[in-house]
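Quick notes on the structure that follows.
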Protein chains: 2
Amino acid sequence: MGHTHSHTPQTIDALLDACRAAGMRRTMALRCFLEVLLEESRPMTLPEIAGHPRFGITCDPATLYRLAARLEEHRLIRQIGFHSRAAHYLLRGGAHQDYLICRDCGSIAVLDVECPVHELEKNIETTSGFSDIEHELEFYGTCRACRN
Amino acid sequence: MGHTHSHTPQTIDALLDACRAAGMRRTMALRCFLEVLLEESRPMTLPEIAGHPRFGITCDPATLYRLAARLEEHRLIRQIGFHSRAAHYLLRGGAHQDYLICRDCGSIAVLDVECPVHELEKNIETTSGFSDIEHELEFYGTCRACRN
DNA sequence: TTAGATGCAAACGATTTGCGCGGAA
DNA sequence: TTCCGCGCAAATCGTTTGCATCTAA
C-alpha cells in the first residue's frame, strides 16, 4: 500500500474556492484547467492540459500561460522540471511525489517511496537563509522496454 | 570541509581523449565547449557556454546543440533541468551535486551535503526494472535578498 | 461599474533539421 | 580519401507581451 500520506481530498469546488480566496475570478478556463489537473493527478504540460478531452473549451495559449502563472503565484499549482522542453505543472496539496523517468522514451512513473530528504530539507531551511523551501527529486534511468 | 567525494581531477586532454575514444573528432568547438564547462564547473546553458569569454571561437547554435547531444549520448556531460527555459549541462565524472535555487531570482547554489538518496537509488535500481539510474535533487526556496 | 480575464496577433528565445561544404582521421 | 562536423538558413515549438474587448463580481 505504500506511503501515501493522504491529504484532504481535493474537489473542484474546494479548489475554486481557494482560487476565489486568492482573488482570482471563477472563470471557465480556470475550472477546466483545474478539472484536468485534478482528474489526471500527474504532472502535465500546458499543451497537454489544453488538449485533454476534459478541457471543455477552446482557449488561447496566452490565457493558459497566464492562468498557470497566476495559479503558481498563489501556490495552488507547482512547476516541476523534467527534461522535456515544456514545463510540467501539478496541483499542490497532494502528497509529495518523487518520480522515475526513462531518459529514452520520457515515460514518467510515480515512486511509491518514503521521500528521504525531509530531514535534509529542514536542515537547509535553518542554515541557508532560504525560506519556504521545497524540493524536487527525480530519478532518471533506462526502462526495460527502451533497453530492448 | 564538507563531503566532496573527490574524483580523478579532470583535464581538457583527458576529456578530449575520452571523446576521441567515443569516436568523436577533436574539433575546436568541442575543445572550447569542454574548456568552459571545466573552468566553470557548474551547470550552464548552451547560450551561456557560447557566450563565455573562454569560448574562443564563434560557433553556430546548431553546432552547439549537436555537440551537446553527442556529448550527452556518450555520457560525457549530463543534463539538469532547473526551472529555467534553457537546459543546463555539466560535466559528468565530478562529484555528485545537489542544488539550492531561488525561485525568484533563479540563483543557483551548490549544496555541500551528503546526498541522502544513494540507498533509495540502489533500491529502485533493483526493484523498478530500470537500469543506469541516477538522480537529480533540487531545493527551491526564496533567498534572503528576494525576501526583501 | 470596474478591475481582472480573455482573444488575437505578433514577437521571442531555445532548439531542431536539411543541405552542401570543409576539415580531421 | 572519407566521413564526420560545421555554417547557413529556415522551420518548430513553448512561452511572452501589447492591446482592445469582454465579463465576473
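Chain A is the first sequence line, chain B the second, and so forth, proteins listed ahead of strands; every chain is numbered from 1.
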- Message: Under 4.0 Å between a side-chain nitrogen and a carboxylate oxygen: does that hold for B/Glu138 and B/Arg103?
- Response: no
- Note on the structure: Exactly one of B/Glu136, B/His135, B/Arg78 clears side chain to side chain contact (heavy atoms under 4.5 Å, CB included) with A/Tyr140, and that residue is B/Glu136
- Message: When you measure from the side-chain N and O atoms of B/Thr63 to the phosphate of D/dG5, is any distance below 4.0 Å, counting only OP1 and OP2?
- Response: no
- Item | 5' priority, DNA chain C, between A/Thr27 and B/Arg25 [closest heavy atom] | A/Thr27
- Note on the structure: B/Arg70 atom CZ is separated from D/dC4 atom C1', nearest whole Å, by 8 Å
- In whole angstrom, what separates B/Glu73's CD from D/dG5's P? 10 Å
- Can you check the B/Glu48 CD to C/dG13 C1' distance for me, whole Å? 14 Å
- Message: So for atom CZ, which belongs to A/Arg147, do other residues, nucleotides or ligands contribute more than 12 heavy atoms lying within a distance under 6.0 Å?
- Response: yes
- Task: Scan nucleotides 12-18 of chain D nucleotide by nucleotide, 5' to 3', and note B when protein non-hydrogen atoms come under 4.0 Å of the base, S if they reach only the sugar-phosphate, - if neither.
- Result: BBBBBBB
- Hey, are B/Glu134 and B/Arg92 close enough for a salt bridge, meaning a charged N less than 4.0 Å from a carboxylate O? yes
- Residues in residues 29-39 of chain B with a heavy atom under 4.0 Å of DNA chain D, by number, are B/Ala29
- Task: Would you kindly give the NE2-to-P distance between A/His74 and C/dG4, to the nearest whole Å?
- Result: 10 Å
- Query: So do the side chains of B/Ile133 and B/Ser128 get within less than 4.5 Å of each other, counting heavy atoms only?
  - Reply: yes
- Query: To the nearest Å, how far apart are B/Leu64 CG and C/dG13 P?
  - Reply: 17 Å
- Task: Look at atom CZ of A/Arg144 and say whether more than 12 heavy atoms of other residues, nucleotides or ligands are closer to it than 6.0 Å.
- Result: no
- Item | Nearest-angstrom distance from the residue atom CG of A/Leu67 to P of D/dA24 | 14 Å
- Starting from P on C/dG23, measure out to CE on B/Met24 and report it in whole angstrom. 19 Å
- How about B/Met44 and B/Val36: do any of their side-chain heavy atoms sit closer than 4.5 Å? yes
- Query: A/Arg26 and A/Asp17: salt bridge (charged side-chain N to carboxylate O under 4.0 Å, His left out), yes or no, with the steps?
  - Reply: CA-CA 9 Å; A/Arg26 217 178 267 271; A/Asp17 286 348; 3.1 Å; yes
- Looking for any heavy atom pair under 4.0 Å, which part of the strands does A/Thr58 touch: base, sugar-phosphate only, or nothing? sugar-phosphate
- Item | For atom CG of A/Leu71 and atom P of C/dA5, their distance in whole Å | 10 Å
- Message: So, does B/Arg20 get its side chain near the phosphate of C/dA25, meaning an N or O under 4.0 Å from OP1 or OP2?
- Response: yes
- Relative to the ring of B/His118, is the ring of B/His96 parallel (under 30°), tilted (30 to 60°) or perpendicular (over 60°)? perpendicular
